[in-house]
Participant: 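Quick one: structure below, then a few questions.
These numbers come from a predicted model, not from an experiment. These values consider heavy atoms only, across backbone and side chains, with no hydrogens, waters or symmetry-generated copies.
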Protein chains: 2
Amino acid sequence: MEDVLLRDGRALKHVVVREYVRGLVAGNAPGSPAPSERELVHRFGVARMTVRQALDALVTEGLLERIPGRGTFVARPRRVATPIIGYTEEMARRGLLAESVTLLARREQAGPGVARALNLTEGDAVIHWRRVRRGDGAVVCLEDNYLNEVLLPGFLQTGMPTSLYDALDDRGLRPTWAEDSISADTVGDEEAALLEVDPGTVVLRHSRRGLVDDKIVNVSRSVYRADRFTLWIQLGHDA
Amino acid sequence: MEDVLLRDGRALKHVVVREYVRGLVAGNAPGSPAPSERELVHRFGVARMTVRQALDALVTEGLLERIPGRGTFVARPRRVATPIIGYTEEMARRGLLAESVTLLARREQAGPGVARALNLTEGDAVIHWRRVRRGDGAVVCLEDNYLNEVLLPGFLQTGMPTSLYDALDDRGLRPTWAEDSISADTVGDEEAALLEVDPGTVVLRHSRRGLVDDKIVNVSRSVYRADRFTLWIQLGHDA
DNA sequence: TAGTGGTCTAGACCACTAT
DNA sequence: TAGTGGTCTAGACCACTAG
């Protein structure tokens with residue numbers, strides 16, 4: 001929560017102006033005008049620099065744009081890259097119902113690969129959560145998640161959620177940074193049985209390391225049926 | 001290029017201060033101090049608001065951070081998502097030498113799929129560029145690029161570059177936005193021969209639509225040998 | 001206590017846009 | 001010509017940090 005009050009309870013003027021303008025233009029079409037700086041000066045009885053400080057913040061966050069000689073206007077929303085989402089949201093984007101069956105949800109000792117990925121020592125405790133995931137009823141994916149238990153005390157006891165990312169969000173641990181690797185492969189017998197395909201069928205493998213700040217929250221390894229899943233990614237941003 | 005001069009040739013003071021500070025701290029370790037605002041006021045003989053305008057710009061771009069009561073310091077560089085890069089840079093990231101053999105580079109009439117992807121009408125002229133791409137000598141990928149000819153007049157005549165993205169960059173058309181789709185598949189006879197694998201071998205398919213602003217610059221369809229290529233992607237940003 | 005950044009004032013002149 | 005944003009001044013008081 002942002003500090004909007006001084007010690008004596010007075011509101012910061014530039015914040016008052018900023019939020020007034022934000023409320024005014026909220027939902028307005030791109031290109032619609034915001035109040036002019038001098039109009040805000042008059043309305044709030046503040047100096048122009050104070051108004052500019054308020055508008056600067058809204059320009060920086062991309063809500064407004066200034067056009068010299070013309071005025072200040074609602075900016076066109078900028079495109080931003082694909083957010084970091086999990087299976088549940090991936091399915092929602094496709095308009096499919098995400099369902100899961102938990103095959104495993106327990107405390108384990110980290111093996112060498114998982115330990116390295118989570119930046120732990122081999123044998124440290126991790127939470128291993130394995131699910132078969134469906135979209136509109138059809139088997140789509142087999143997902144293994146490994147969570148750093150130190151960051152998630154009591155996670156196994158609180159009842160497993162549908163969306164891991166929602167649960168992480170509740171604890172302020174939703175990843176803001178992800179390192180993904182994506183490859184094509186064929187499945188072995190065990191994975192084939194769970195995905196309801198023949199051994200040797202082509203699959204898409206997707207591994208992810210999820211971080212918030214410098215904390216590695218989870219590592220996931222997903223195997224998608226190639227006939228039922230294509231990964232979509234949007235990269236970059238507007239100028 | 002930014003305007004740094006007024007009509008009469010005088011430099012904008014906040015730009016002078018900003019670039020002075022940028023030069024001072026360039027390459028300095030995160031946490032090292034920048035000059036204080038009042039020190040800059042004294043050095044340049046300007047008002048403090050002018051100095052603040054200069055520093056605000058550097059804070060917004062992530063170079064500096066302010067700590068109230070302490071001073072202004074070089075900020076820790078923020079992580080940003082994977083930039084939009086092509087094969088040449090993908091290989092460079094792996095420390096591999098990117099080489100290509102052009103199989104096709106010609107003007108064609110857009111088929112239905114390409115026309116839709118480039119937002120053209122079927123039969124419109126497109127540039128089709130097909131290459132077999134190698135990394136450290138080994139065949140890695142078969143890439144078909146379709147370019148909007150209207151945006152790239154004379155492109156075929158200027159001699160084909162190694163890196164498409166470098167060539168686009170030279171024309172101010174390097175994509176800043178990309179829509180990618182990634183799937184696993186098996187190859188047919190023609191692709192198999194070019195990739196030097198058996199038909200039916202598993203491959204990674206990567207399609208991309210590259211845009212700058214609202215202009216669709218190119219559409220690419222790449223087929224990677226699954227045994228020689230894993231896609232790496234980093235998503236998100238620091239708080 | 002001295003120094004820092006945060007907030008704020010009450011003006012000023014400029015270039016540019018639209019009428 | 002009137003209105004807009006861009007730049008700039010010369011101060012002021014505040015809260016906070018560090019020695």
Side-chain angles (χ1 to χ4, degrees), chain A residues 1-21 24-25 28 30-75, chain B residues 1-21 24-25 28 30-75:
Chain A
M1 188 57 185
E2 183 185 16
D3 261 353
V4 295
L5 297 179
L6 298 173
R7 268 213 183 144
D8 59 9
R10 286 185 302 113
L12 294 175
K13 296 186 181 181
H14 72 92
V15 174
V16 171
V17 175
R18 189 226 294 153
E19 296 310 315
Y20 168 79
V21 174
L24 261 191
V25 305
N28 287 13
S32 34
S36 77
E37 297 180 356
R38 284 161 181 88
E39 183 182 334
L40 292 166
V41 164
H42 195 253
R43 173 181 296 274
F44 288 95
V46 298
R48 189 160 160 236
M49 289 305 302
T50 304
V51 167
R52 285 185 63 77
Q53 182 179 9
L55 296 183
D56 278 342
L58 297 174
V59 168
T60 297
E61 71 179 66
L63 181 64
L64 298 181
E65 64 178 328
R66 293 199 238 246
I67 303 179
R70 296 230 295 132
T72 305
F73 303 89
V74 177
Chain B
M1 187 58 185
E2 184 186 15
D3 260 354
V4 294
L5 296 179
L6 298 173
R7 266 211 183 147
D8 58 8
R10 287 184 301 113
L12 294 175
K13 296 187 181 182
H14 72 93
V15 174
V16 171
V17 175
R18 189 226 296 156
E19 295 310 312
Y20 168 79
V21 174
L24 262 191
V25 304
N28 287 11
S32 31
S36 78
E37 296 180 357
R38 283 160 181 89
E39 184 182 334
L40 292 166
V41 164
H42 196 249
R43 173 182 297 273
F44 288 94
V46 298
R48 189 160 158 236
M49 287 305 301
T50 305
V51 167
R52 285 184 63 78
Q53 183 179 9
L55 296 183
D56 278 342
L58 297 174
V59 168
T60 298
E61 71 179 69
L63 181 64
L64 298 181
E65 63 178 330
R66 292 200 240 244
I67 305 180
R70 295 229 296 133
T72 305
F73 304 89
V74 177

Participant: Any N or O donor-acceptor pair linking the side chain of R38(B) to the base of dG5(C) at under 3.5 Å?
Facilitator: yes
Participant: Of the nucleotides dT17(C), dG5(D), dA10(C), which one has an atom closest to the side chain of R70(A)?
Facilitator: dT17(C)
Participant: Grab the CD1-C1' distance between I67(B) and dG5(C) for me, whole Å please.
Facilitator: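 To the nearest whole Å, that distance equals 11 Å.
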Participant: F73(B) has an atom CZ; how far is it from atom C1' of dT17(D), in whole Å?
Facilitator: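 Rounding to the nearest Å, CZ of F73(B) and C1' of dT17(D) are 10 Å apart.
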Participant: Rounded to whole angstroms, how far apart are NE2 on H42(A) and P on dT4(D)?
Facilitator: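 The distance from NE2 of H42(A) to P of dT4(D) comes to 12 Å, rounded to the nearest Å.
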Participant: For P68(B) and for M49(B), locate the closest nucleotide of DNA chain D by heavy-atom distance; then report the residue assigned to the nucleotide nearer the 5' terminus.
Facilitator: M49(B)
Participant: Working to the nearest 0.5 Å, report the span between CG of L63(B) and OG1 of T72(B).
Facilitator: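 One finds 11.0 Å between CG of L63(B) and OG1 of T72(B).
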Participant: For R43(A), I'd like to know if atom CZ has over 12 heavy atoms of other residues, nucleotides or ligands within 6.0 Å.
Facilitator: no
Participant: Between T72(B) and dG5(C), does any side-chain N or O lie under 4.0 Å from OP1 or OP2?
Facilitator: yes
Participant: Rounded to the Å, how far apart are L64(B) CG and dG5(C) C1'?
Facilitator: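 Those two atoms, CG and C1', are 13 Å apart.
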Participant: Calculate the interatomic distance between R18(A) atom CZ and dC8(C) atom P; express it in whole Å.
Facilitator: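 In whole Å, dC8(C) P lies 11 Å from R18(A) CZ.
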Participant: Among the candidates dT4(D), dC8(C), dC8(D), find the nucleotide nearest to the side-chain atoms of S36(A).
Facilitator: dT4(D)
Participant: So do L58(B) and E61(B) actually touch side chain to side chain, heavy atoms under 4.5 Å?
Facilitator: yes
Participant: Calculate, to the nearest 0.5 Å, the distance between atoms OG1 and CG belonging to T50(B) and L12(B) respectively.
Facilitator: 10.5 Å
Participant: Is there a side-chain contact between Y20(B) and L40(B), using heavy atoms and a 4.5 Å cut-off?
Facilitator: yes
Participant: Could you state the atom-to-atom distance from CZ of R48(A) to C1' of dT9(D) in whole Å?
Facilitator: 14 Å
Participant: When you measure from the side chain of R52(B), which nucleotide among dG5(C), dC8(D), dT9(C) comes out closest?
Facilitator: dG5(C)
Participant: Output the rounded distance in Å from CG (L55(B)) to C1' (dG5(C)).
Facilitator: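 Taking atom C1' of dG5(C) as the reference, CG of L55(B) is at 10 Å.
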Participant: So which heavy atom on P30(B) is nearest to which on A75(B), and how close?
Facilitator: CB-O, 3.9 Å
Participant: Under 3.5 Å for both pairing distances: what stems, at least three Watson-Crick or G-U pairs long, include DNA chain D?
Facilitator: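 Result, WC/G-U stems under 3.5 Å: C:1-18 with D:1-18.
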Participant: Is any side-chain heavy atom of V51(B) less than 4.5 Å from a side-chain heavy atom of F44(B)?
Facilitator: no
Participant: Rounded to whole Å, how long is the line connecting atom CD of E37(B) with atom P of dT7(C)?
Facilitator: 11 Å
